[in-house]
Amino acid sequence: MLNQPDRTATQGLADEDRIPVSVTVNGEAYERSVSPRLLLSDFLRHELRLTGTHVGCEHGVCGCCTIRLNGETARSCLTLAVQVDGCEIHTVESLGSKSALGPVQQAFKECHGLQCGYCTPGFLMVVTDYLENNADPDLTDAGIRTALSGNLCRCTGYQNIVAAVRRAHKIMHAG
Amino acid sequence: MKPARFEYVAAKTVAEAIDARSSFDDTVILAGGQSLIPMLNYRVAQPDAVIDINRVPGLDTISVDNGAVRVGALVRHRQLELSAEAFAAHPLLREALDNVAHIPIRNRGTICGSIAHADAAAEMPAVLVCLDGFVTAQGSGGERNVPASDLFLFHMTTTLDSDEIITSATFPALPKGSGYAFEELTRRHGDYAVAGICAVITPGPDGNCASASLSACGIAEKPVRLSAVEAALVGTNLSDDAVSAAAALVDDMVTNEDDGAGGRYRRQVARTLITRAVAKACQRAAQGRA
Amino acid sequence: MATRTFGEPVQRNIDDRLLTGQGHYIDDIDLPSVAHAAFLRSPFARAKITSIDVSAARAHPGVLGVFTCDNIGHIDQDLPLLIPHPCLVGPRTQRPLARGDVYYVGQTVAMVVAVDRYTAEDAVRLIEVDYDPLPVSVELEDAAADGANLVHEDVAGNVAAHFVQNSGDAAAAFARADHVTKITVRVERSTAAPMEGRAVCARWDRITEQLMVWDSTQAPISVRGGLASLFDIDEDRVRVVAPDVGGGFGQKVLFFYPEEVLVPMAAIQLDRPVKWIEDRTENFIGSTQERTQVHTIELAATKDGEVLGLRDFFLHDTGSFIPYGIAIAQVASTSIAGPYRIPNIEVEFKAIYTPTVPVTPYRGCGRPQACFAIERAMDKLAEELGLDRFEVRRRNFIAPDQFPWKREGLLFADGLAVCYDSGEYDTALSKAAEAIGLDRLDEMKADARARGKYLGLGLGFYVEGTGLGPYEGGHVRIHPITGKIYVNTGLSTQGQGHDTVFAQIAADQLGVDPSDVIVVEGDTGAFDWGVATFASRAAVVSGNAIHKAASKAREMVIEAAANMLEAAPGDIELAEGKARISGSDRAVTLAEVATATNPLRYAFNKAAQSATQFAPASKHDGPPLADGKAPGIEVTDYYSPPYSTWAYGCHAALVEVDPALCTVDIRQYVCVHDCGNMINPMIVEGQVIGGMAQGLGGALYEKVQYDQDGNPRNAGFMDFLMPYATEMPKVDIVHMETPSPLNPLGIKGVGEAGTIAVPATIISGIEDALKPLGAGHFHEAPVFPHMIFEKLGGADQAKAS
């Protein structure tokens with residue numbers, strides 16, 4: 001079962017004080033005890049086995065690990081798991097499924113906004129936030145590129161991601 | 001790149017956090033964590049205890065009083081940036097905040113945390129210095145206000161005692177009739193500044209410069225007030241020549257020489273940004289009067 | 001006739017999985033009781049190790065094993081020299097864990113395996129090593145100079161390789177030239193920095209004695225060959241899988257990275273699965289890098305600008321080891337004449353050891369350096385002769401009717417003489433001029449001046465030998481139950497979209513939708529003949545192999561269907577997953593064909609009934625499976641290119657410089673490219689623009705920096721400045737399609753195309769922009785703002801704003 005405790009990420013930390021954490025991820029409630037030094041990225045990936053959130057630099061620059069924490073984008077590598085007690089988290093797994101892609105996912109597919117796919121979950125979270133949290137998002141090239149800055153992609157050269165943002169906005173507002 | 005072991009203290013009051021600071025040899029305060037956690041991941045910081053103040057109530061408020069803006073220790077960059085009230089009272093803050101990293105970082109990172117971290121190239125410390133702002137700090141010795149001019153010691157170091165915690169930062173109001181600007185050069189969007197200039201210019205009724213406040217980040221070992229530039233501007237007619245002449249006085253303040261040109265390039269950047277910031281501030285002051 | 005998908009922007013089969021977080025990168029593979037490795041790496045560029053004490057690490061709770069060179073058994077040996085070449089005078093490769101000496105900051109000294117990564121990193125810090133540091137010469141020119149500190153004590157002058165190649169008679173050409181242009185250019189070191197670092201996970205099965213390795217590699221088959229060889233295990237007992245790979249760009253081709261060998265070793269020794277996930281710091285100090293070369297190039301020309309001869313001497317920084325041989329320097333030296341006829345060439349290089357991270361190919365592989373050298377030299381020649389930059393290029397292009405154009409004497413990376421197969425270079429240049437708006441250039445320069453800026457035209461032309469041999473295979477099989485097409489090849493994908501273009505190729509032959517083609521690559525358990533993904537070769541080599549196999553499968557389907565439908569083979573057409581008699585409703589599905597061609601005993605489903613022994617259709621005179629026939633529809637075929645196919649293109653840019661801040665703004669960027677017939681233009685554009693972003697890094701942002709002691713100065717994303725979306729300009733792409741005559745599909749490679757010409761283009765634009773200020777020449781890449789400042793005299797330019 002998905003939410004069975006699994007401690008492959010931190011089993012050696014058993015001698016450290018563990019701190020209980022209750023957190024809702026993608027609508028599902030989880031309760032765990034974690035070592036204080038466990039990064040949220042590792043918690044999501046290895047304790048909850050939500051491996052869609054990727055880890056690219058662990059110093060906050062690349063944006064691969066971006067999730068939404070209480071509705072706002074955040075780096076899961078710059079957050080401790082103990083900090084999210086009582087919080088609500090959304091990861092890429094919340095955006096849609098293979099048989100029913102969400103609008104941002106669909107747009108990335110149509111516009112070829114991904115290649116290796118490693119940075120993609122971070123971009124999807126950022127773009128989702130940009131389009132959901134702004135009543136009137138700036139869809140000029142400059143506006144979109146500023147919104148995307150903070151996420152590194154080494155494959156696409158960003159151009160198709162910019163196109164995907166516009167396409168996603170269109171899909172979301174197609175009624 | 002995983003943090004070393006530490007004790008974790010989830011403080012529920014400022015007093016608890018201060019107590020915790022005294023109970024361990026080496027502690028750090030976790031607010032937004034956007035500078036701290038990279039240091040933990042790299043293990044350049046290996047504190048005995050991390051004191052998390054995120055659950056201390058009352059620290060996440062922005063209060064606007066007569067044009068001055070006070071931000072609590074848990075006010076995130078993005079929160080202040082989006083605050084309509086703060087923007088109406090003090091538009092300089094949003095202009096500076098727009099230069100701070102990227103939105104996901106601004107969503108978490110706190111202004112007080114940035115000030116406490118005291119990176120010499122960071123924007124908000126320079127803004128505090130420009131405005132003659134102050135922080136309110138609490139420690140075992142009680143509460144005190146520390147003016148920006150006394151706060152920053154050098155890169156990543158403040159004058160605060162090891163048991164003190166910044167509980168708020170206060171950005172004083174812009175002078176009446178003034179114009180402002182924050183101009184910055186980065187290598188990439190959102191990076192730390194090669195140089196950044198914060199300027200507040202108040203022209204007098206004759207159009208000459210009645211007062212000027214300028215500060216810079218990125219050019220020295222801490223955010224610096226550009227007093228010589230200010231003195232040279234006051235009383236001038238703020239013509240291009242006058243501003244350029246004043247801007248040239250920044251040269252002596254530029255001590256950061258890691259620009260590949262022995263500091264000379266950074267001096268030119270600082271001068272250029274000063275002229276652009278002053279021009280923009282003057283323009284805004286003129287618009288304000290109109 | 002079925003709808004052809006070749007040439008269509010077919011969406012990618014892989015995307016649904018990657019978009020929903022269902023990818024399988026190495027760290028997503030969750031094996032029970034997996035242990036985690038972390039490494040102690042050298043903090044010195046060059047030092048003798050005087051002692052190592054691992055006792056505290058070994059005693060640390062949660063630690064399962066600590067390894068140094070003393071307890072890794074027979075793999076404590078120099079790792080293989082993968083591409084030997086006679087000109088390698090002092091080839092050196094590293095050992096999995098340092099023995100006695102360290103040669104770069106980041107070299108693996110010890111490995112800890114523990115129950116989790118946090119604990120493993122804790123224990124790494126408990127290992128005590130005493131080093132005796134040695135003096136170093138870090139900069140390439142310093143390391144090549146007389147009296148330099150040696151990286152390897154027994155390699156004189158730090159010279160790893162020295163090679164001279166001649167095509168024609170350069171000396172004679174220089175003797176009769178009216179004019180000689182000579183410049184020295186320098187290109188700095190960069191790194192691929194894939195978003196997913198390297199990663200290895202290994203499991204040893206004691207019962208079956210099988211080693212299973214998941215490796216984020218571009219070369220699973222070659223990794224398997226190496227592991228089987230190193231561990232002395234039958235190849236059939238080693239399976240290497242490259243699952244989803246988060247970018248490679250050359251860094252993940254085979255070099256035998258220490259971790260690739262040590263993680264399987266630990267899994268065997270500890271009898272427990274072991275995983276290592278490279279972190280970002282490790283990627284900067286432990287994964288190979290490329291680019292530093294210093295070329296002194298001379299062009300001998302007539303007064304009309306016809307280049308008669310070229311001489312190039314260059315130093316190539318190979319870092320501390322040279323496991324991949326001279327590949328980069330060889331590609332650079334054989335690409336040096338670019339798209340120009342230049343019939344007389346003398347090119348010489350020395351590969352020099354420096355005490356830095358070892359150097360192996362990174363997307364472009366010597367071509368960006370060669371392109372920068374020749375293109376900057378052509379600009380200088382035009383300037384010196386008072387000719388237009390476009391015109392001087394036109395006068396030297398190989399004309400369309402002059403192909404194949406052979407450079408006898410220059411051997412390309414595949415060991416064969418350089419031979420350009422096809423191209424329309426002049427047309428490409430004209431299209432670039434048109435797309436960038438060359439006729440409005442003066443107007444745009446004036447507009448920039450009015451805003452206090454300076455605008456210039458950047459221009460860069462590149463050629464790219466792609467699709468090298470030796471060969472790849474394609475395996476095509478029609479599944480009897482689902483009728484889906486299974487396709488395998490031996491190389492692996494790092495997100496380029498192989499699965500989609502390979503599916504298109506097979507789909508076109510078999511009349512199915514590409515989404516019904518399931519491509520499995522990068523798994524030696526599925527297909528284990530072939531080489532690797534590198535040098536823009538996957539589409540050309542695997543693509544044509546799959547095409548050949550699918551064509552044969554098509555013939556088999558038609559023959560079988562003709563029998564089943566009692567029609568002439570010439571009347572059978574394949575479409576929509578069926579074989580049908582043209583102009584009629586009579587058809588059989590591919591599943592039925594695949595079933596009927598496989599004589600069965602058991603009827604798994606309705607279709608299978610017709611293939612069982614008592615079914616009327618099963619009547620036969622001889623054995624159920626005729627002699628010489630194989631069951632089902634299954635074909636394996638191979639493609640081995642006669643020689644490399646040469647793609648090319650022309651980049652142009654409008655580059656605006658702020659003379660006060662010395663910043664560069666790319667106002668417009670045009671990329672004309674020709675990779676032969678395009679299988680999928682959407683994927684081609686993705687490759688080109690993505691490559692362009694890496695080229696932009698090499699032009700303006702990215703430089704791996706070492707201090708004079710050999711310490712990396714910017715080993716992280718804060719300081720190694722990869723462009724964000726905000727730095728990347730919009731790119732206008734112009735496609736040309738000159739088919740390659742060398743392969744059935746008429747295709748050329750495109751993987752590296754976008755990267756090569758970008759530094760030459762942007763930096764020539766900076767130079768052009770700043771001509772009115774007398775800034776002089778820009779012959780280094782990348783160009784940083786302070787360099788522009790210095791070219792402008794480092795004086796007070798603030799007034800210029």
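Every chain is numbered from 1 and lettered A, B, ... according to where its sequence line falls, protein lines coming before strand lines.
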Check whether Ala193(C) gets within reach of chain A through its side chain, its backbone, both or neither, counting any heavy atom under 4.5 Å.
both

Between the side chains of Gln115(A) and Gln687(C), does any donor sit under 3.5 Å from an acceptor?
yes

Most heavy-atom pairs under 4.5 Å with chain C, out of Ser97(A), Cys153(A), Cys155(A), Gly63(A), belong to Cys155(A)

Taking only Lys NZ, Arg NE, NH1 and NH2, and the carboxylate oxygens of Asp or Glu, determine whether Arg49(A) and Asp30(C) approach each other closer than 4.0 Å.
yes

Would you please say whether a donor-acceptor pair under 3.5 Å links the side chains of Tyr118(C) and Asp42(A)?
yes

Using a cut-off of under 4.5 Å on heavy-atom pairs, state which of Gln496(C), Arg17(C), Glu727(C) scores highest against chain A.
Arg17(C)

Smallest separation among heavy atoms of Arg154(A) and Glu702(C), with atom names:
NH1-OE2, 2.6 Å

Please classify the contact between Glu196(C) and chain A as side chain, backbone, both or neither, with a heavy-atom cut-off of under 4.5 Å.
both

Proximal component of Ile683(C), with respect to chain A [non-hydrogen, under 4.5 Å]:
both

Apply salt bridge (Lys or Arg N to Asp or Glu O under 4.0 Å) to the pair Asp122(C) and Arg37(A), showing each step before the final yes or no.
CA-CA 12 Å; Asp122(C) 294 346; Arg37(A) 61 169 163 161; 2.6 Å; yes

Among the options Gln106(A), Lys98(A), Glu58(A), Glu93(A), pick out the one with the most heavy-atom pairs lying under 4.5 Å from chain C.
Lys98(A)

With a 4.5 angstrom heavy-atom cut-off, which part of Phe720(C) approaches chain A: side chain, backbone, both or neither?
side chain

Most contact-rich option vs chain C, by heavy-atom pairs under 4.5 angstrom, among Thr91(A), Asn151(A), Ile144(A), is Asn151(A)

With rounding to the nearest 0.5 angstrom, report the OG1 to CD distance, Thr51(A) to Gln22(C).
7.0 Å

Side chain / backbone / both / neither for Val731(C) at chain A, heavy atoms under 4.5 Å
both

Closest-packed option against chain A by number of heavy-atom pairs under 4.5 Å, given Met722(C), Gln494(C), Glu278(C)
Met722(C)

Interchain contact, Cys64(A) with chain C, by part (heavy-atom threshold 4.5 Å)
side chain

If I compare all heavy atoms of Arg12(C) with all of Lys109(A), which pair ends up nearest, and what's the gap?
O-CE, 3.9 Å

Full working for side chain to side chain contact (heavy atoms under 4.5 Å, CB included) between Ile689(C) and Thr156(A)
CA-CA 6 Å; Ile689(C) 298 173; Thr156(A) 64; over 6 Å; no

Within a strict 4.5 Å, meaning less than it, do heavy atoms of the His54(A) and Met195(C) side chains meet?
no

Are Phe717(C) and Leu152(A) close enough that some pair of their side-chain heavy atoms sits under 4.5 Å apart?
yes

Can you say whether Ala120(C) sits under 4.5 Å from chain A via the side chain, the backbone, both, or neither, judging by heavy atoms?
neither

Search all heavy atoms of Gly157(A) against all heavy atoms of Ala693(C) and return the closest pair with its distance.
CA-CB, 3.6 Å

Assess, by modelled atom type and distance only, whether the side chains of Asp27(C) and His46(A) contain a donor and an acceptor separated by less than 3.5 Å.
yes

Scored by heavy-atom pairs under 4.5 Å with chain A, the best of Gly247(C), Gly697(C), Gly248(C), Ala192(C) is Ala192(C)

Quick one: are Arg280(C) and His59(A) in side-chain contact, heavy atoms under 4.5 Å?
yes

SG (Cys111(A)) and CG (Asp15(C)) are apart, to the nearest 0.5 Å, by 11.0 Å

Side chains of Leu95(A) and Thr20(C) in contact at under 4.5 Å (non-hydrogen atoms)
no

With a 4.5 Å heavy-atom cut-off, do Tyr724(C) and Val61(A) have their side chains touching?
yes

Is there side-chain contact between His112(A) and Gln11(C), with heavy atoms separated by less than 4.5 Å?
no

Between Tyr25(C) and Tyr118(A), how do the two ring planes meet: parallel, tilted or perpendicular, split at 30° and 60°?
perpendicular

Any side-chain heavy atom of Leu18(C) sitting closer than 4.5 Å to one from Leu114(A)?
yes

For Leu19(C) and Leu124(A), which heavy atoms make the closest approach, and how far apart are they?
O-CD1, 3.4 Å

Using heavy-atom distances under 4.5 Å, tell me whether Gln105(A) contacts chain C through its side chain, its backbone, both, or neither.
both

Do you know the tightest heavy-atom contact between Arg145(A) and Met728(C)?
NH1-O, 2.9 Å

Heavy-atom pairs under 4.5 Å with chain A - which of Ala114(C), Gly691(C), Pro723(C) has more of them than the others?
Pro723(C)

Which atoms of Met692(C) approach chain A - backbone, side chain, both or neither, heavy atom under 4.5 Å:
neither

Mark yes or no for whether Tyr158(A), through its side chain, and Gly690(C), through its backbone, hold a donor-acceptor pair below 3.5 Å.
no

At a 4.5 Å cut-off on heavy atoms, which part of Asp28(C) comes close to chain A: side chain, backbone, both, or neither?
both

Under 4.5 Å heavy-atom distance to chain C, tell me which part of Thr120(A) shows up: side chain, backbone, both or neither.
side chain

Check each atom of Pro9(C) against the heavy atoms of chain A and say whether the ones under 4.5 Å are side chain, backbone, both or neither.
neither

